[in-house]
Amino acid sequence: MAFINKSADKKQRSGGIGNYFKSVWSELKKVQWPDKKMVIKYTATVIGTVAVATVLIFVVDTVLSMGFQGLFGLFE
């Protein structure tokens, strides 16, 4: 049977919600936030990637659809 130190466990959990938000704020201060130029660059990259993926999926879907319609047309 493992030894459980309940008083040490209570000390770790003490502080409550206020201590939690202090810790969160402390960690947020360490974050290196992107500047406006980086945000615009990354946003443009994401939008461009989504646009390219959309076009590729549309082309593949159209080609496969036409192929299956032609294939099923042989059996009519």
Side-chain angles (χ1 to χ4, degrees):
M1 185 163 143
F3 175 73
I4 299 174
N5 188 352
K6 291 185 181 186
S7 63
D9 188 38
K10 285 182 183 179
K11 286 180 185 178
Q12 288 177 348
R13 289 187 290 169
S14 67
I17 193 114
N19 191 27
Y20 170 76
F21 284 113
K22 284 181 185 178
S23 298
V24 169
W25 189 252
S26 173
E27 291 298 320
L28 283 174
K29 287 181 182 180
K30 298 177 187 177
V31 173
Q32 182 179 356
W33 297 100
D35 58 354
K36 185 176 180 179
K37 185 178 177 180
M38 289 178 69
V39 170
I40 291 170
K41 181 180 175 181
Y42 292 155
T43 302
T45 302
V46 168
I47 291 172
T49 303
V50 169
V52 169
T54 301
V55 169
L56 288 174
I57 291 171
F58 174 76
V59 168
V60 170
D61 181 53
T62 303
V63 169
L64 287 174
S65 177
M66 290 170 57
F68 281 118
Q69 285 178 356
L71 184 66
F72 292 141
L74 294 174
F75 299 108
E76 287 182 354

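Index from 1, following the sequence.
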- Hey, does the side chain of Thr43 reach the backbone of Val39 with a donor-acceptor pair shorter than 3.5 angstrom? yes
- Query: Just wondering, do Leu28 and Trp33 contact through their side chains at under 4.5 Å, heavy atoms?
  - Reply: yes
- NZ/Lys30 to OG/Ser26 distance, rounded to the nearest 0.5 angstrom? 5.0 Å
- Note on the structure: Checking Val50, Leu56, Ile57 against Thr54 for side-chain contact (heavy atoms from CB on, under 4.5 Å), the one that qualifies is Val50
- Message: Could you see if Val31 belongs to whatever hydrophobic cluster contains Tyr20? Use Ile, Leu, Val, Met, Phe, Trp, Tyr and a side-chain cutoff under 4.5 Å.
- Response: yes
